[in-house]
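FYI, side chains are in, hydrogens and waters are out, and symmetry mates aren't considered; it's all heavy atoms of this structure. Every number for a ligand or one of its atoms is a count from 1 in the order of the listing.
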Amino acid sequence: MEFYASRAWAQAAILERRDALVSGHAPLAYFLHSGGPAAHPVLRLNWVLTAVCCLVCLIIAAMLIVAIFRRRKHAEPRALESQDGLRFVYFGSAVSTLALLGIAVYMLVVLAEVADPPHEPALTVTVTAYDWWWKIDYGDGADHFTTANELHIPVGLPVLIQLKSADVIHAFWVPELSGKTQAIPGVENRQWIQADHPGIFRGQCTQYCGVQHAHMALEVHAQPRADFERWVVAQKTSLPTPATVQTVRGAKLFEERCAGCHMVRGSRAAGVQAPDLTHVQSRRLIAAGTLVNTPQNLMDWIENVQEIKPGALMPDMKFSPADAGDMSAYLATLR
Ligand code: HEC
Ligand SMILES: [Cu+2]
């Protein structure tokens with residue numbers, strides 16, 4: 001968990017109570033930082049364009065001031081039609097054209113630079129956008145597992161993301177790691193990311209996709225290789241069957257009330273229209289970056305979804321205090 005502390009915002013985001021929603025912390029505050037080779041050239045382009053624009057503004061302002069004062073001294077009403085004035089127009093157009101051409105060429109160079117990873121991707125992950133969360137699939141066959149809203153990658157290696165959408169158009173953007181790419185129903189787009197150092201990188205849906213678009217964030221957790229491998233093994237591991245009276249009752253409640261939408265691998269809960277909850281306790285945040293994952297927030301979420309994230313495609317699930325205790329005990333085993 002040490003690397004969580006490595007980013008100032010991650011510390012700021014460790015809020016334990018619900019009234020401090022995580023998303024209150026400018027989710028993309030780090031768009032002026034770059035943390036990987038797919039983002040460095042884009043950030044450089046950003047600064048160069050800003051500098052050129054500022055320079056153009058300054059030059060035009062200076063020329064305007066000069067023109068105002070020159071005109072006052074010796075007014076020449078038809079100056080523009082004189083040879084002198086026309087030469088000035090030709091010169092101005094030529095300079096602007098060259099500047100714009102230069103920028104266009106530089107943009108194409110940057111596009112080419114970030115189009116493909118420097119070498120074969122070390123890992124391919126499928127990210128599917130849903131209203132209003134992200135499903136993440138790793139591996140195939142026996143190695144396949146699913147998680148949600150928290151993308152783990154090994155540090156220093158290129159990772160290919162196959163981007164899909166289950167409903168409307170969304171856009172995947174982790175500003176510190178890459179440019180943004182749309183997730184379009186029926187189309188598979190690709191985006192590669194790579195992190196130079198371990199840490200948590202916040203991403204966000206950046207294509208308006210409905211009422212809870214703003215609460216559709218995700219986190220990329222870049223980990224040292226060994227930590228990443230350990231995480232993969234833990235995610236693939238199936239859970240022990242509930243053993244205490246309370247967790248058995250909780251599991252039954254889960255099957256009755258949650259299994260239509262949610263999956264817990266190894267149990268009878270096999271819903272696919274909502275986040276896979278097999279290892280939900282391993283996630284730092286829930287509800288696509290909306291809440292810090294604490295036992296209290298988890299139950300609060302389940303009972304008051306529509307107050308926390310109005311319009312989310314999960315209904316409020318009210319429980320008697322005894323049932324809530326059983327459910328909470330069962331959810332605590334999903335680690
Ligand atoms: C009608 C379908 C549906 C039912 C029934 C349902 N959920 Fe959900 N649940 C969802 C959807 C959709 C989301 C994603 C919401 C979002 O983030 O916008 C979700 C999100 C969650 C999350 C957050 C997961 C994460 O990693 O972000 C938890 C925990 C959860 N549900 C628990 C439950 C429990 C426990 C029950 C049963 C008491 C339940 N849900 C019943 C559809 C459902
Ligand atoms: Cu969106």
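Residue contacts with ligand 1 for Trp134 are absent, since no atom lies close enough (heavy atoms, distance under 4.0 Å). At a 4.0 Å heavy-atom cut-off, ligand 1 touches Leu298 through the side chain alone. When heavy-atom distances to ligand 1 are checked against a 4.0 Å cut-off, Tyr130 has no atom that comes that close, whether in backbone or side chain.
Of all non-hydrogen atoms in Glu176 and Ala39, the two that sit nearest each other are O-CB, 3.3 Å. Asp316 and Val305 make their closest contact through OD1-N, 2.9 Å (heavy atoms, listed as atom of the first residue, atom of the second, distance). Nearest approach of Val272 to Tyr130, heavy atoms of both residues: O-OH, 4.0 Å. In terms of heavy-atom proximity, Trp132 sits nearest to Lys309 at O-NZ, 3.0 Å. Of all the heavy atoms in Arg283 and Thr147, the pair that sits closest is NE-OG1, 3.4 Å. The two residues Arg202 and Ala217 make their nearest non-hydrogen contact at NH2-CB, 3.4 Å.
When the options Cys261, Gly289, Gly210, Ala259 are ranked by their closest heavy atom to atom 43 (C) of ligand 1, first place goes to Cys261. With atom 7 (N) of ligand 1 as the reference point, the heavy atom nearest to it among Met327, Gln281, His262, Gln212 is part of His262. Compare Glu303, Met299, Arg283 by their heavy atoms: the one nearest to atom 26 (O) of ligand 1 is in Arg283. With distances taken over non-hydrogen atoms, the option nearest atom 24 (C) of ligand 1 out of Ile308, Leu277, Val264, Asn149 is Leu277. Among Gly271, Ala287, Gly260, the residue whose heavy atom lies closest to atom 27 (O) of ligand 1 is Ala287.
Every atom of ligand 1 is numbered from 1 in the order shown, and the set under 4.0 Å from a heavy atom of Ile286 is 27 (O). In the vicinity of Pro315, heavy-atom distances shorter than 4.0 Å reach the ligand 1 atoms 1 (C).
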### Query
Do Leu291 and Trp301 pass the side chain to side chain contact (heavy atoms under 4.5 Å, CB included) test, and can you show the C-alpha distance, the side-chain angles, and the key distance before you say yes or no?
CA-CA 8 Å; Leu291 291 175; Trp301 163 257; 4.0 Å; yes

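Remark: the Lys318 side chain and the Asn304 side chain contain an N/O donor-acceptor pair separated by less than 3.5 Å. Of the N and O atoms on the side chains of Glu255 and Ser267, not one donor lies less than 3.5 Å from an acceptor on the other residue.
The number of heavy-atom neighbours closer than 6.0 Å to CZ of Arg335, taken from other residues, nucleotides and ligands shown, is above 12. Counting heavy atoms of neighbouring residues, nucleotides and ligands inside a 6.0 Å radius, atom CD of Glu256 exceeds 12 of them. Within 6.0 Å of atom CZ in Arg44, more than 12 heavy atoms from other residues, nucleotides or ligands are found, so the atom counts as buried in its surroundings.
Closest to atom 12 (C) of ligand 1 among all protein heavy atoms lies Leu313 O, 3.4 Å. Here the protein heavy atom with the shortest distance to atom 15 (C) of ligand 1 is Trp301 CZ2, 3.9 Å. Residue, atom and distance of the protein heavy atom nearest to atom 36 (C) of ligand 1 are Cys258 SG, 2.7 Å.
Just one of Thr126, Thr128, Asn189, Asp137 meets the side-chain hydrogen bond (donor to acceptor under 3.5 Å, both in side chains) condition when paired with Gln162; it is Thr126.
Geometry about the Cu ion (ligand 2) gives an angle of 130° between SG of Cys205 and SG of Cys209, rounded in steps of 10 degrees.
Among the atoms of His213, an N, O or S atom is found under 2.8 Å from the Cu ion (ligand 2). Residue contacts to the Cu ion (ligand 2): Gln207 brings an N, O or S atom closer than 2.8 Å. Taking 2.8 Å as the threshold, Met314 counts as a candidate ligand of atom 8 (Fe) of ligand 1, since one of its N, O or S atoms lies below it.
Annotation: Arg257 places no N or O atom under 3.5 Å from an N or O atom of ligand 1; distance criterion only. Here's the thing with Lys309: one of its N/O atoms is less than 3.5 angstrom from an N/O atom of ligand 1. Considering backbone and side-chain N/O atoms, Ala274 never comes within less than 3.5 Å of an N/O atom of ligand 1.
Taking 4.0 Å as the cut-off, Pro275 counts as a neighbour of ligand 1 on heavy-atom distance.
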